[in-house]
2 protein chains.
Amino acid sequence: MSNQEPCCSPLAATPLDAVEAATFAPLFKALGDPVRLRLFSLIASHQGGEACVCDLTDAFDLSGPTISHHLKTLKQSGLVEAERRGTWIYYRIRPEILAQIGALTTVARPVS
Amino acid sequence: MSNQEPCCSPLAATPLDAVEAATFAPLFKALGDPVRLRLFSLIASHQGGEACVCDLTDAFDLSGPTISHHLKTLKQSGLVEAERRGTWIYYRIRPEILAQIGALTTVARPVS
DNA sequence: CATCTGATTCGATGCTTGTCAAGATAGAGA
DNA sequence: TCTCTATCTTGACAAGCATCGAATCAGATG
């Protein structure tokens, strides 16, 4: 909102009001579980930008339903989206949403 | 660690392993509650870089113990630290820890 | 249509968490 | 030392959450 000296993240520039906090907290919360954080990273870094559930399930010692539950949580937060193609369901991240977290937590370094 | 094209956040560059996920997830989790996110932002943006509990409690319709509980959670995550000076206890953020979140979630833009 | 496989939903269970009231602690000042 | 104020701790409770097994759904294929 403001062009200020390269000092503080937006979080430190102006106190978040209750509405803003209620908007952003769920994003942090969704990444606040180790399994979901790994899932998100796995999806984000997967070749082609998307990963099917089978790829993801194999990476954990957890049941299918549990992985499915975490994926649903990530999807509901807006951090990922899913698409069915034939037998498989592919998940990919939504970079705009990730960027919101990045923008909040990073020192604003004005571009040029 | 790597000088890569300005493409992906570290989260998307390489999949986090279980240990890394267990390290970072608690940071996201600590900011994953709207009250704590506002508290953190209030502390970060407070004049002088620190805020006493009395300043913070007044900003919420919550009991003192509840605010104290959230501050303890933030402190245990490493995102803030506290110092007693006389009657009052002052909280301030630890920018290095916030920067870790920023670095994880932001596209690596190599510094010139 | 029957069956197989990938993935989700349902239902249950035990653990974690957000909240408050009441009590405890710590420093300042009379 | 006694009291006042700021803050934390304790104990309790309801709500939320991570997890699993069983059941269900959706395509693909025979």
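As a basis for the values below, the full set of heavy atoms in this structure was taken, side chains included, without hydrogen atoms, waters or symmetry mates. Below, read A as the first sequence line, B as the second, and so on, with proteins coming before strands; counting in each chain starts at 1.
- Computed from coordinates, the A/Glu50 CD to C/dA7 P distance equals 13 Å when rounded to whole Å.
- The OG atom of A/Ser68 sits 8.0 Å away from the NZ atom of A/Lys75 when rounded to the nearest 0.5 Å.
- Atom-to-atom, CZ of A/Arg38 to C1' of D/dA18 comes out at 16 Å; the value is rounded to the nearest Å.
- In this structure, B/Asp55 places its CG atom 12 Å from P of D/dA6, rounding to the nearest Å.
- The number of heavy-atom neighbours closer than 6.0 Å to CD of A/Gln47, taken from other residues, nucleotides and ligands shown, is 12 or below.
- One can place CD of A/Glu83 at 17 Å from P of D/dA26, the figure rounded to the nearest angstrom.
- Remark: of the listed residues B/Leu74, B/Leu79, B/Thr73, B/Val80, B/Leu74 is the sole one forming a side-chain contact (heavy atoms from CB on, under 4.5 Å) with B/Leu39.
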Next item on the list: Can you check each nucleotide of nucleotides 1-6 of chain C against protein heavy atoms at under 4.0 Å and return B for base, S for sugar-phosphate only, - for none, in 5' to 3' order?
Entry: -----S
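- Between the side chains of B/Ser9 and B/Thr105, no donor-acceptor pair is found at a separation under 3.5 Å.
- Rounding to the nearest 0.5 Å places CG of B/Leu31 at 7.0 Å from CG of A/Leu11.
- A/Tyr91 comes within 4.0 angstrom of sugar-phosphate atoms only, judged by non-hydrogen atoms across all strands, and of no base.
- Taking atom CZ of residue A/Phe60 and atom P of nucleotide D/dA18, one finds them 13 Å apart after rounding to whole Å.
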Scan nucleotides 18-20 of chain C against the protein and return all N/O pairs shorter than 3.5 Å with their distances rounded to 0.1 Å.
{"from": "C/dG18", "atom 1": "OP1", "to": "B/Arg36", "atom 2": "NH1", "distance (Å)": "3.4"}
{"from": "C/dG18", "atom 1": "OP1", "to": "B/Arg36", "atom 2": "NH2", "distance (Å)": "3.2"}
{"from": "C/dG18", "atom 1": "OP2", "to": "B/Arg36", "atom 2": "NH1", "distance (Å)": "3.2"}
{"from": "C/dT19", "atom 1": "OP2", "to": "B/His70", "atom 2": "NE2", "distance (Å)": "2.4"}
{"from": "C/dC20", "atom 1": "OP2", "to": "B/Ser63", "atom 2": "N", "distance (Å)": "2.9"}
{"from": "C/dC20", "atom 1": "OP2", "to": "B/Ser63", "atom 2": "OG", "distance (Å)": "2.9"}
{"from": "C/dC20", "atom 1": "OP2", "to": "B/Thr66", "atom 2": "OG1", "distance (Å)": "2.6"}

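- In the hydrophobic cluster analysis, where Ile, Leu, Val, Met, Phe, Trp and Tyr join through side-chain heavy atoms closer than 4.5 angstrom, B/Leu104 is grouped together with B/Ile97.
- Atom NZ of A/Lys72 is separated from atom P of D/dC20 by 17 Å (rounded to the nearest Å).
- There is no path of hydrophobic side-chain contacts, each under 4.5 Å, that joins B/Tyr90 to B/Phe40.
- Regarding A/Leu74, its CG atom lies at a distance of 14 Å from the C1' atom of D/dA18, rounded to whole Å.
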